[in-house]
Amino acid sequence: HKHIPNLFVFIDHYDKHLFKNNIKNIGVIYRNYKKSKNIKELIKITNECKKKRFPIFIANDTKLALKLKANGIYIPSFNKRKQFKNLENKNFTLLGSAHNQKEIKEKILQKCEGIFLSPLFFVKKRKKFLNIHKFNILVNSNNIKFFALGGINEKNIIKLNLLNIKGFAGISIFKKKTGLKKAGFLKNNFFLNF
């Protein structure tokens with residue numbers, strides 16, 4: 001049975017703060033759509049993850065994930081391809097993201113073992129967000145592990161206790177200079193509740 005962490009951090013470049021914390025149950029998703037992948041930087045990230053025993057997932061690039069011996073791949077909501085079907089037999093974990101029921105079904109067909117459902121709360125780049133009620137309706141209508149994503153901060157993190165989730169993920173909250181140690185909600189090991 002594959003271990004899937006409770007907490008995930010999305011990164012698009014090497015960040016030394018991420019690797020200075022002592023959290024054990026964390027996964028790292030390398031997701032960079034803005035520029036061509038810097039292979040040297042990605043190797044550095046992968047090596048650091050292996051030292052810290054953080055599972056590493058590469059977005060949208062199966063060949064690169066296999067080459068770097070990553071723990072799996074992350075399939076974004078816009079990726080509708082079906083060629084991920086045979087990867088689950090290679091001890092390779094598939095994770096995906098979705099914003100609605102249609103995309104959840106697509107990720108299940110792609111054999112994802114966990115889905116990042118977003119945005120849970122308000123984020124600047126999207127006009128709509130799910131909020132607690134709609135999020136729970138989607139989660140309870142599907143038999144798969146869900147992770148909350150989108151707009152999670154120190155003020156609303158306590159609301160995650162109202163959700164039926166495996167864990168949660170962050171993007172902007174982890175981009176602070178102080179890294180994970182000072183990201184308010186980690187003080188009380190909140191994420192260990194999942």
Side-chain angles (χ1 to χ4, degrees), residues 2-13 15 18 25-35 37 42 45 49 54-65 70-85 87-88 92-153 156-157 159-160 163-175 191 194:
K2 296 177 204 168
H3 170 70
I4 300 177
N6 300 106
L7 175 65
F8 281 89
V9 179
F10 283 80
I11 62 172
D12 58 8
H13 65 279
D15 182 354
L18 173 62
N25 198 15
I26 185 171
V28 175
I29 296 175
Y30 177 78
R31 182 181 74 167
N32 187 342
Y33 306 136
K34 293 179 184 171
K35 56 184 179 180
K37 291 179 182 76
L42 190 47
I45 292 167
C49 284
F54 294 168
I56 174 87
F57 300 83
I58 310 295
N60 250 352
D61 196 327
T62 308
K63 285 182 184 174
L64 187 57
N71 299 86
I73 61 168
Y74 164 76
I75 309 168
S77 58
F78 61 79
N79 187 334
K80 318 288 186 198
R81 293 177 293 166
K82 301 289 190 288
Q83 71 239 40
F84 304 104
K85 284 185 179 178
L87 291 172
E88 69 271 13
F92 210 60
T93 303
L94 304 179
L95 301 173
S97 66
H99 305 98
N100 54 49
Q101 182 60 40
K102 183 183 175 191
E103 291 176 354
I104 290 169
K105 291 294 181 198
E106 286 170 352
K107 295 303 146 199
I108 291 170
L109 287 172
Q110 287 173 320
K111 302 291 186 189
C112 288
E113 294 177 55
I115 296 175
F116 297 93
L117 186 56
S118 73
L120 172 56
F121 300 121
F122 172 78
V123 289
K124 288 179 184 175
K125 66 179 184 176
R126 293 184 77 90
K127 290 180 182 176
K128 295 180 181 179
F129 59 97
L130 296 166
N131 220 333
I132 302 294
H133 184 65
K134 192 167 183 185
F135 189 100
N136 271 335
I137 288 171
L138 289 169
V139 167
N140 294 329
S141 302
N142 297 278
N143 186 22
I144 191 167
K145 292 175 181 141
F146 281 96
F147 299 85
L149 174 64
I152 300 166
N153 59 41
N156 60 28
I157 188 97
K159 292 182 180 180
L160 295 187
L163 303 173
N164 182 16
I165 53 175
K166 162 94 170 119
F168 65 97
I171 301 172
S172 60
I173 196 165
F174 299 118
K175 290 187 177 178
F191 60 92
F194 296 102

Distance in Å, [X] [atom1] paired with [Y] [atom2], rounded so as to fall on 0.5 Å steps:
{"X": "L120", "Y": "F147", "atom1": "CG", "atom2": "CZ", "answer": "14.5 Å"}
{"X": "K166", "Y": "I4", "atom1": "NZ", "atom2": "CD1", "answer": "6.5 Å"}
{"X": "L138", "Y": "L117", "atom1": "CG", "atom2": "CG", "answer": "5.5 Å"}
{"X": "K145", "Y": "L95", "atom1": "NZ", "atom2": "CG", "answer": "9.5 Å"}
{"X": "L18", "Y": "C49", "atom1": "CG", "atom2": "SG", "answer": "6.5 Å"}
{"X": "R31", "Y": "D61", "atom1": "CZ", "atom2": "CG", "answer": "15.5 Å"}

Under 3.5 Å: donor-acceptor pair, side chain of [X], backbone of [Y]:
{"X": "N32", "Y": "D12", "answer": "yes"}
{"X": "K159", "Y": "F121", "answer": "no"}
{"X": "S77", "Y": "S97", "answer": "no"}
{"X": "N136", "Y": "V139", "answer": "no"}
{"X": "N60", "Y": "I75", "answer": "no"}
{"X": "K127", "Y": "K124", "answer": "no"}
{"X": "N131", "Y": "H133", "answer": "no"}

### Query
After noting the C-alpha distance and the side-chain angles of I157 and F168, does the key distance pass the side chain to side chain contact (heavy atoms under 4.5 Å, CB included) rule?
CA-CA 10 Å; I157 188 97; F168 65 97; 3.8 Å; yes

Where do [X] and [Y] come nearest, in terms of heavy atoms and distance?
{"X": "A169", "Y": "I152", "value": "O-CD1, 3.8 Å"}
{"X": "I144", "Y": "C112", "value": "CD1-O, 3.2 Å"}
{"X": "G150", "Y": "V123", "value": "C-CG1, 3.8 Å"}
{"X": "A148", "Y": "L160", "value": "CB-CD2, 4.0 Å"}
{"X": "G96", "Y": "Y74", "value": "C-CE1, 4.0 Å"}
{"X": "K134", "Y": "L130", "value": "CB-O, 3.3 Å"}

### Task
Check step by step if side chain to side chain contact (heavy atoms under 4.5 Å, CB included) holds for N71 and T93.
CA-CA 6 Å; N71 299 86; T93 303; 5.5 Å; no

### Task
Apply side chain to side chain contact (heavy atoms under 4.5 Å, CB included) to the pair N142 and I115, showing each step before the final yes or no.
CA-CA 11 Å; N142 297 278; I115 296 175; over 6 Å; no

### Query
Partners of F54 by ring pair (Phe, Tyr, Trp, His ring centres under 6.0 Å), sequence neighbours excluded?
none

### Task
Please tell me if the side chains of D15 and V9 come closer than 4.5 Å, counting only heavy atoms from C-beta onward.
no

### Query
Side-chain contact, heavy-atom cut-off 4.5 Å: F146 with N164?
no

### Task
Sort out for me which residue in H99, K105, Q101, K107 forms a side-chain hydrogen bond (donor to acceptor under 3.5 Å, both in side chains) with E103.
H99

### Message
Checking V28 against F8 for the side chain to side chain contact (heavy atoms under 4.5 Å, CB included) test, could you report, in this order, the C-alpha distance in whole Å, the side-chain angles of both residues, the deciding distance, and whether it holds?
### Response
CA-CA 6 Å; V28 175; F8 281 89; over 6 Å; no

